[in-house]
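To keep things clear, I will list the structure first and then write my remarks on it.
Source: prediction; values computed, not measured.
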Protein chains: 2
Amino acid sequence: MSDEDTRTRILTSAGPIFAEKGFAQATVREICQAADVNVASINYHFGDKERLYIETVRCAHRLRVEAVQLPAWTETTTPATKLRGFVRMLLGRMLEQAETPWQSQLMLREVLNPTSACRELVEEHFRPHFEMLAGIIRELAPMALPSYQVHQICFSVVGQCLYYRVAWKIVTILESDAALATHYSIDKLAEHIAQFTLSAVGAGSMFPMAGTPDNNKAID
Amino acid sequence: MSDEDTRTRILTSAGPIFAEKGFAQATVREICQAADVNVASINYHFGDKERLYIETVRCAHRLRVEAVQLPAWTETTTPATKLRGFVRMLLGRMLEQAETPWQSQLMLREVLNPTSACRELVEEHFRPHFEMLAGIIRELAPMALPSYQVHQICFSVVGQCLYYRVAWKIVTILESDAALATHYSIDKLAEHIAQFTLSAVGAGSMFPMAGTPDNNKAID
DNA sequence: CTTGCCATCAAACAAATGTTTGATATACTT
DNA sequence: AAGTATATCAAACATTTGTTTGATGGCAAG
C-alpha cells in the first residue's frame, strides 16, 4: 500500500474514514496518518477537504459499479425467484456490516445526507438497480401498472430493507432477544420482505393456508 | 421567552438546534446565543454539552408524548380503516417538514444515530405506537400469527414510511417531476402504503380487478 | 450590617482542526 | 552542469470548540 501514488493512497485511506464518521467528523489529520502522508498533501492534491470528499464518493461508487454484478438470471427464472434474489442481495449489501466494504457505507451516507455527489451516485449506481427491480415488479403484477405505481412498489421494497439498516437499534429494543436470534438473520428477513411483497402484488400469499392457491414456493 | 428560568431557556433553545444539526455539529455558543445566556451557563446547569443533549432528548419526547394523542377509534371501525389512519399519521408526522416540530426531528436523529437517550425514547414513545400497530395487524391477518411475524410486518409498514423521510432526495431524483407532483403527496403515499400492506396480509388487493373479491374499499 | 450562597458574566484556556508557508529533495529538461 | 517544475515535509497559523476561572451582583439568613 505504500508504493502507490500519494493521491490514491489518500483516496483509499479517506474512504473508510469518511464512511465511518461522515464528512464533518472525519479529520484530515486522521486521514493523512492512515495514508502515511503529510497533512499538507490533501490540500496539495485535492485543494481542500470537501473536494477530497467528493472525489472519494466518486471513487467509491466507481469501484462499486465494477464490483457489483447485477445477478444474471436465465430466461426461465420466475419473477418471484428474481425478487427473492434481488431482496437478498439488497439486504445483504446493507446488513453484513463485517464484510461491508466502506464503499457501501459511504454511499448510504450519501443517501441519508446528500451532498453534491449524490445525483451522480444515483444516476450511475442506483438507477440501474432500481430499473431492474421495476422490471421484476412489472413481471409480477397481474396487470399493466402505471409507472408511478411500479416505482412506489419499488420504494416499498427498498424501504423495508433500508429500515433494518438505519433503525436496527430500534428493532433490537422492540423485539425480544430470543426472536432476534431465531428470526432476524439476513436470510430470514429477506424471505419475509420478499414474501410480503409477493403477497402485496398478488403473486403469492404470506400464509400457508390462505384462500388463494399456494403458488409462492414455486421453483426456487 | 426571556423571563423564564435560564435552565429552561437553554433547553428550549437547544432543542431546535440539536434537531437540525445533530449533537456534534451544534455548538454551545450557538445554543447560548439563541437562549440569550452566557456560554458558561450550559456547564453550570448541565455539567457538559452531552448531558445537555440527553436532557434535551428527554424533554423532547416528554413534550411529544403529551401532544400526540393516539387516534381513538370506535369499536365498529374496521381494522383496514385503522391501518389507513395509522399509516397516514405516521407518514404525516415524518413528512410535513414545515410544521414538523423540532421534537420529531430530534427523535428521528436518535433513531438513525442512537445515543444513550435512545432506549428510554423507544420504551416510552415508540413502543406504545408499535403495539398499537401490532394490534391492527393481528386484527387484519386471516389467522393467528407468531408475534415475530407480526413484528416484522410492523417493521415493513414503518420501513415503507421511513423511507420517504430518509431517502426523499433519492426519490426525487429517480421519479419524474410530473409523477412527483401528482402521486407523491402525503395522502397518496399513505394510501399506497396502506393498500400495499393490506394486500400483503391478505386483507384486500392492490388492483381493482384482481382475482380475489374486491373487499378493500369497505366502509372507509 | 455582615455573611454565605447562588446565578451570571466576561475573559481566558487548552485542545483540535483546516489550511498555508517556506524549505528541501528529486527528477526531468536544456 | 545548471535550471526548473514537482512532490513532500515540518512547522506555523488562524479559527473554532468545549470548558474553566475569578469577579460581580443579588438576596436571604443570622
Side-chain angles (χ1 to χ4, degrees), chain A residues 1-60 102 105-106 109-110 113-117, chain B residues 1-60 102 105-106 109-110 113-117:
Chain A
M1 199 220 251
S2 74
D3 58 336
E4 291 169 296
D5 189 48
T6 296
R7 195 189 136 94
T8 65
R9 270 231 306 293
I10 294 177
L11 274 176
T12 55
S13 293
I17 294 176
F18 276 135
E20 190 197 332
K21 324 179 85 164
F23 173 76
Q25 300 308 314
T27 73
V28 295
R29 280 179 169 79
E30 185 183 6
I31 292 169
C32 289
Q33 189 178 356
D36 197 32
V37 302
N38 189 272
V39 269
S41 304
I42 286 184
N43 298 278
Y44 181 79
H45 286 279
F46 297 93
D48 58 16
K49 185 188 175 185
E50 185 176 356
R51 267 171 292 184
L52 165 64
Y53 176 78
I54 293 178
E55 263 310 295
T56 307
V57 174
R58 241 197 283 269
C59 172
W102 58 269
Q105 287 184 53
L106 194 53
R109 222 167 246 289
E110 202 55 33
N113 231 313
T115 71
S116 58
Chain B
M1 199 222 252
S2 75
D3 58 337
E4 290 169 296
D5 189 46
T6 295
R7 195 188 137 92
T8 65
R9 270 231 304 292
I10 294 176
L11 274 175
T12 55
S13 293
I17 294 176
F18 277 136
E20 190 196 332
K21 322 178 101 172
F23 173 75
Q25 299 309 314
T27 73
V28 296
R29 281 179 168 79
E30 184 184 7
I31 292 169
C32 288
Q33 189 177 356
D36 196 32
V37 301
N38 189 272
V39 269
S41 304
I42 286 183
N43 299 277
Y44 180 79
H45 285 279
F46 298 93
D48 58 15
K49 184 188 177 186
E50 185 176 357
R51 267 171 292 184
L52 165 63
Y53 177 78
I54 293 178
E55 263 310 296
T56 306
V57 174
R58 242 199 282 270
C59 173
W102 58 268
Q105 287 185 53
L106 193 54
R109 223 166 244 290
E110 202 56 32
N113 231 313
T115 71
S116 58

| Can you name the residues that form a ring-ring contact (aromatic ring centres under 6.0 Å, His included) with B/Tyr53, not counting sequence neighbours? | B/Phe18, B/Phe23
| remark: Residue set satisfying side-chain hydrogen bond (donor to acceptor under 3.5 Å, both in side chains) with B/Arg58, at least two apart, ordered chain then number -> B/Glu55, B/Glu120
| Where along residues 46-57 of chain B does a heavy atom fall under 4.0 Å from DNA chain D? | B/Asp48, B/Lys49
| Under a 4.0 Å heavy-atom cut-off, which of residues 22-30 of chain B touch DNA chain D? | B/Ala26, B/Thr27, B/Val28, B/Arg29
If you compare all heavy atoms of [X] against all heavy atoms of [Y], which two are closest, and at what distance to 0.1 Å?
| X | Y | result |
| --- | --- | --- |
| A/Pro16 | A/Trp102 | CA-CB, 3.6 Å |
| B/Thr56 | B/Gly15 | CG2-CA, 3.6 Å |
| A/Leu106 | A/Ala60 | CD2-CB, 4.0 Å |
| A/Ser13 | A/Ile31 | CB-O, 4.0 Å |
| B/Cys32 | B/Asn38 | SG-O, 3.5 Å |

Between [N] atom [atom2] and [X] atom [atom1], what is the distance in whole Å?
| X | N | atom1 | atom2 | value |
| --- | --- | --- | --- | --- |
| A/Asp5 | C/dA27 | CG | C1' | 15 Å |
| A/Ile31 | C/dA16 | CD1 | P | 17 Å |
| A/His45 | C/dT19 | NE2 | P | 15 Å |
| B/Ile42 | C/dT8 | CD1 | P | 13 Å |
| A/Gln33 | C/dT17 | CD | C1' | 14 Å |
| B/Arg7 | C/dT8 | CZ | P | 12 Å |
| A/Ile17 | C/dT17 | CD1 | P | 12 Å |

| field | Interface limits on DNA chain D, where chain A has a heavy atom under 4.0 Å of a nucleotide atom | value | D/dT6 to D/dA12
| query | Can you tell me if the side-chain N/O atoms of B/Thr6 get under 4.0 Å from OP1 or OP2 in C/dT8? | reply | yes
| remark: So the side chain to side chain donor-acceptor pair (under 3.5 Å) pairs with at least one residue in residues 16-28 of chain B (sequence neighbours excluded) are B/Lys21-B/Glu30
Measure the spacing between [atom1] of [X] and [atom2] of [Y] and express it to the nearest 0.5 Å.
| X | Y | atom1 | atom2 | answer |
| --- | --- | --- | --- | --- |
| A/Leu52 | A/Ser41 | CG | OG | 11.0 Å |
| A/Ile42 | A/Arg51 | CD1 | CZ | 12.5 Å |
| B/Thr6 | B/Leu11 | OG1 | CG | 11.0 Å |

